[in-house]
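Below is one structure; the comments refer to it alone.
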4 protein chains.
Amino acid sequence: MIGMAVLGCGRIGRLHARNVARHPRARLLAVFDVLSEAAQATAHELGVKSARDLDEIWSDRDIRAVLVATTTPTHVPLISAAVKAGKAVLCEKPVDLDLERARACWNEIAAARPVVMIGFNRRFDPSYRALHERLQRGEVGKLELAIITSRDPEPPPPSYIKGSGGLMRDMTIHDFDMARYLAGDIAELHAFGANLVDPQIGSLGDIDTCAISLRARAGALLQINNSRRSVFGYDQRIEVFGSGGMLQAGNRRATSVEAWSGESTGARDVLLHSFLERYAQAYAAELDAFVAALEEGQPMSPGFGDGVEALRLAVAAEESVRTGRAVSLGS
Amino acid sequence: MIGMAVLGCGRIGRLHARNVARHPRARLLAVFDVLSEAAQATAHELGVKSARDLDEIWSDRDIRAVLVATTTPTHVPLISAAVKAGKAVLCEKPVDLDLERARACWNEIAAARPVVMIGFNRRFDPSYRALHERLQRGEVGKLELAIITSRDPEPPPPSYIKGSGGLMRDMTIHDFDMARYLAGDIAELHAFGANLVDPQIGSLGDIDTCAISLRARAGALLQINNSRRSVFGYDQRIEVFGSGGMLQAGNRRATSVEAWSGESTGARDVLLHSFLERYAQAYAAELDAFVAALEEGQPMSPGFGDGVEALRLAVAAEESVRTGRAVSLGS
Amino acid sequence: MIGMAVLGCGRIGRLHARNVARHPRARLLAVFDVLSEAAQATAHELGVKSARDLDEIWSDRDIRAVLVATTTPTHVPLISAAVKAGKAVLCEKPVDLDLERARACWNEIAAARPVVMIGFNRRFDPSYRALHERLQRGEVGKLELAIITSRDPEPPPPSYIKGSGGLMRDMTIHDFDMARYLAGDIAELHAFGANLVDPQIGSLGDIDTCAISLRARAGALLQINNSRRSVFGYDQRIEVFGSGGMLQAGNRRATSVEAWSGESTGARDVLLHSFLERYAQAYAAELDAFVAALEEGQPMSPGFGDGVEALRLAVAAEESVRTGRAVSLGS
Amino acid sequence: MIGMAVLGCGRIGRLHARNVARHPRARLLAVFDVLSEAAQATAHELGVKSARDLDEIWSDRDIRAVLVATTTPTHVPLISAAVKAGKAVLCEKPVDLDLERARACWNEIAAARPVVMIGFNRRFDPSYRALHERLQRGEVGKLELAIITSRDPEPPPPSYIKGSGGLMRDMTIHDFDMARYLAGDIAELHAFGANLVDPQIGSLGDIDTCAISLRARAGALLQINNSRRSVFGYDQRIEVFGSGGMLQAGNRRATSVEAWSGESTGARDVLLHSFLERYAQAYAAELDAFVAALEEGQPMSPGFGDGVEALRLAVAAEESVRTGRAVSLGS
């Protein structure tokens, strides 16, 4: 059994805490939140203790790993502290909004042989994972084109936008990681951004729609398209195309019902609205992969470096939006 | 080139006449209809002559084959006359509404080595035909179950119902032929009928909805379901299931467009409404099969005997509706 | 919190026990199995006690309800004992293989105001449930036709067949319940059966394939088709068709991946193989409905009477297979 | 009746000639090809004359319109000559491979009030057309994103590549026109190109794979992806996404058959392989639109200017591939 603590008891933290509590080979030993009520509610629900402070976590030798689901600015200090305390870490994305700060974190902890997984949950979605494995096994031959579609059901409020780091670091970062998951390292990219959904987002200097092209070092071309609003639900699809065929992984709905009427045929449900529902299986599988890697002493994947690389692509995309030029990612 | 005449210039006759006119190895030489205006309109459209009477057809040695698309009661006398005049015949279904009359027709013409195809058009639909060929090739192993769904877009007017011979001989007869096409000869069947769509149909002693089970001599079980009304269009599907898998052949729509909105996703067009559109390719392929069989001296399929067998199943189904018992088709 | 015990710790009993243990408003207090090792394994996994005997269950006042997942012949005595001990019961289907025995059970317990739900799990499948609700709301108008397809992935071993009560009471009984769920009480039915899958099943006097027609008292016609073997997985579909349109509820797959190759396009995964996976959500929702009805003092649905009615349809279907006649269900 | 001649009797010319011959309101009066055998074969098949030279066409006052389906370098001189002879023109795409030459052509003929339609056949595909109309009617609200997928079944031979003008002017030009059809004029674009399919194409200085982003003046972002090879057939799809939803128009197959086996479920046919089949309806509808516009004296759409604009986008895309920069299309 892997003793674990969950840091952060907001919406995503609670989901993680429940997953840890339910995992057959993990044991949830404590939760923590700077809002002690949030921590206590989660602790009570799951029958574990609510830590008074972080030191209580760091010093508890039964806690072998922490799951960091706190606000983004706290990720770097919590990763550092956890690694120094000898804990393994599963940290929600992004590592940080600032590329240099993320790199500095790594430099600071590297000597301590950090065991860190970054929570790019989509890598663990059963459909994406199956597509990835079939791609790796060569089912479509050499990868030539990939299309990544990712659209949120509705734009977040301005308050969220302000601290989000902008579309690229907050939302597209998932798709940058997916691009790397599918095609390996990226050589160059170009991004168009637009403010089409909500003028408030534009007035905050952010964009809500983008069209991005990437060239992988291995040669494949990829396209990402994002929108902050999709009236039919959380639209999440990937398509990989190669010399031998194509694989598509699509959306999920609550039921399989199709309706046939005088107006249309085969009409299905709108898509699952929330990422918590859409990726419920992914979050559970992510935790399972983390636990299994810990048990077996395997390297973590996606690791800290993957978190840094996705952030680097986000920063490059912002530059491309600004300059109109393709940006080379160097070597 | 096969010289042909088309008898009957109603809706379906005109469709056939155009197909003959367009066929690369057939030549439309004449059309005929008891309503001379109908015949003349079709003749004018296609640039052929409108025969004054049937003798003009029977005596024209360039006319090697006739396509009979007249009213049902004229099928038997026209088949007989055509065969006696040495013509090959492609006759619209059904042979007749009366089983004994159909059999008597055959007895009368059999000595003349009749060349007769019955127009069970669905056997020539590209999707049904492909399914049939894959079934014959053993793609799903031995056939165990088949589901035949056939629903008209809207009920015909009472005037049509009166002369139709009833649901089984008018509409289900296509599905009985399809059952034989898929599973071979039928050993026994059971039918439930109901009047759910239009009370006028019931008051004429007919049904508009049915659920039929059949057992093929070869062992497979089949189900047919019919309705005289489908608000989403002409619903035509078959499913064959066997020891090695399943094949389904489905409906057709005018476009491939799918709509995604706040109410539903993947909503497609309603189905093609008219059998003339739904089976446009089938009618052309049927004619082509007829021409090819004539050219090559091959037996016609479906032949006169298939027309009689389908009618026999319709009569048996009516008996089953009446008695509540399964009816054996004998040997 | 509803205190519960689970009787029977086989495959399905363990699934139920886990669902009870996980339910937010139920508490699993004990498990029991005549094989004490099975009971102890489940008890250990879920951290509850393994009852030594049934009296320990009946006398435990904290246990308000029992879930019966034992072998079929024990259902009737366990329901009786539980009701007499004042417990509510959620009993796996079927009530019994013998119609008279099931009726006698009810007569024996009726005075005790029994609170009994029968585990027709499919009523709680999210897709079937949504279809049912939309049908009830009138989305397709008046129901005219329903097609129920239910095919097991592979035939059970002869040893299972021997005690199963035969296809109708063991497997089709689910579809009979589904027919009633969709269309209400049944007026008459006809059934064809066949032994096409496994000769051993035939030599045991059973069938493995069937085609059944039913007429609901309200007028709709329904068709059920069953097979004991489907090489592409557990095939479970329903289609309801009415004056205003059609609803279909379909199969489930592990992923949404579609493959496009030189051989085919849009090829999806085979279906979930096991009923435990296919209906995992249904089992959880069934328990939730049971708990909610208990909390609110609502009548149980499907209740004991629904279990008896489904059995009555199975018995009638067997008679129809034997006699070739449609069987009236009386009033 | 609109008297017409078809210039060019290659594969696409013959298709056009047959469509003219079959059109109810057009009459095919002559065909012409520099290879007189090709012209004679088509003339014989369709029962029309084969013109000895172009003057015979230009001077025939019954010929009101010509359909130009000759090699690309002859388009400009034939358009010019036809317009000067007072003929309306339906010219296959592209106008020319050279933007300046295309513009010069227009300058030369503009005074003659030219009536010219450019054969961007996809605008007339029933599915694309229906999608376009529904988009225009506002069904998905304001357009925000569009994804255009266009992949040829297999790469053309090197001999074709040499004279093709390169991927952008030969193949992507259709997608540039589709982008304008959907989103109106384009403000800027960026293109990545790659040689992934056939090294011979690369050695000729051409690319065979591309990923292009476009920004419409009206604000929408669009993505085009192309490949010269798709093993599952001619892959042609568009997706438009807006504030109110999404519309997709997809591929076409020869049948509706789906196969379910132990390996996969719902496996459909590979796609239609040839553009002649895929867009058969589009070519017929294009001719019909041309004839109708001539009859009614309506402006041609897509017109000569649309041909020039698509070429301008192709040239800009080539520049972007070369420089790595987004290219502004100016005003």
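As the structure is a computational prediction, the values presented were derived from the model and not from experiment.
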Under a 4.5 Å heavy-atom cut-off, does chain C meet the side chain of B:A220, its backbone, both or neither?
-> backbone

Smallest separation among heavy atoms of B:R151 and C:F241, with atom names = NH1-CD1, 3.3 Å

For the candidates B:E144, B:R325, B:R215, B:Q223, which exhibits the highest count of non-hydrogen atom pairs separated by less than 4.5 Å from chain C?
-> B:Q223

Within the distance-only criterion (no hydrogens, no angle test), does the side chain of B:R169 pair as donor or acceptor with the backbone N or O of B:L97 below 3.5 angstrom?
-> yes

Among B:D152, B:D198, B:D235, B:D208, which one satisfies salt bridge (Lys or Arg N to Asp or Glu O under 4.0 Å) with B:R228?
-> B:D152

Is C:E319 salt-bridged to C:R322, cutoff N-O under 4.0 Å?
-> no

Salt bridge or not for C:D185 and C:R180, using N-O below 4.0 Å?
-> yes

Would you call C:K93-C:D177 a salt bridge at under 4.0 Å N-O?
-> no

Quick one: which of C:S243, C:S320, C:G324 has the most heavy-atom pairs under 4.5 Å with chain B, could you say?
-> C:S243

Before accepting this row, confirm whether a basic side-chain N of the pair C:D206/C:K162 lies closer than 4.0 Å to the acidic partner's carboxylate O.
-> no

With a 4.5 angstrom heavy-atom cut-off, could you sort out which part of C:L145 is near chain B: side chain, backbone, both or neither?
-> side chain

Residue part contacting chain B, namely of C:I147, when any heavy atom lies under 4.5 Å = side chain

With a 4.5 angstrom heavy-atom cut-off, which part of C:F232 approaches chain B: side chain, backbone, both or neither?
-> side chain

Honestly, the part of C:E188 sitting under 4.5 Å from a heavy atom of chain B is both

Leading residue by heavy atom contact count with chain C [cutoff under 4.5 Å; candidates B:A194, B:G141, B:G242] = B:A194

Largest heavy-atom contact set with chain B, pairs under 4.5 Å, which of C:L222, C:T323, C:V231, C:V327 = C:V231

Heavy-atom distance under 4.5 Å to chain B: side chain of C:N195, backbone, both or neither?
-> neither

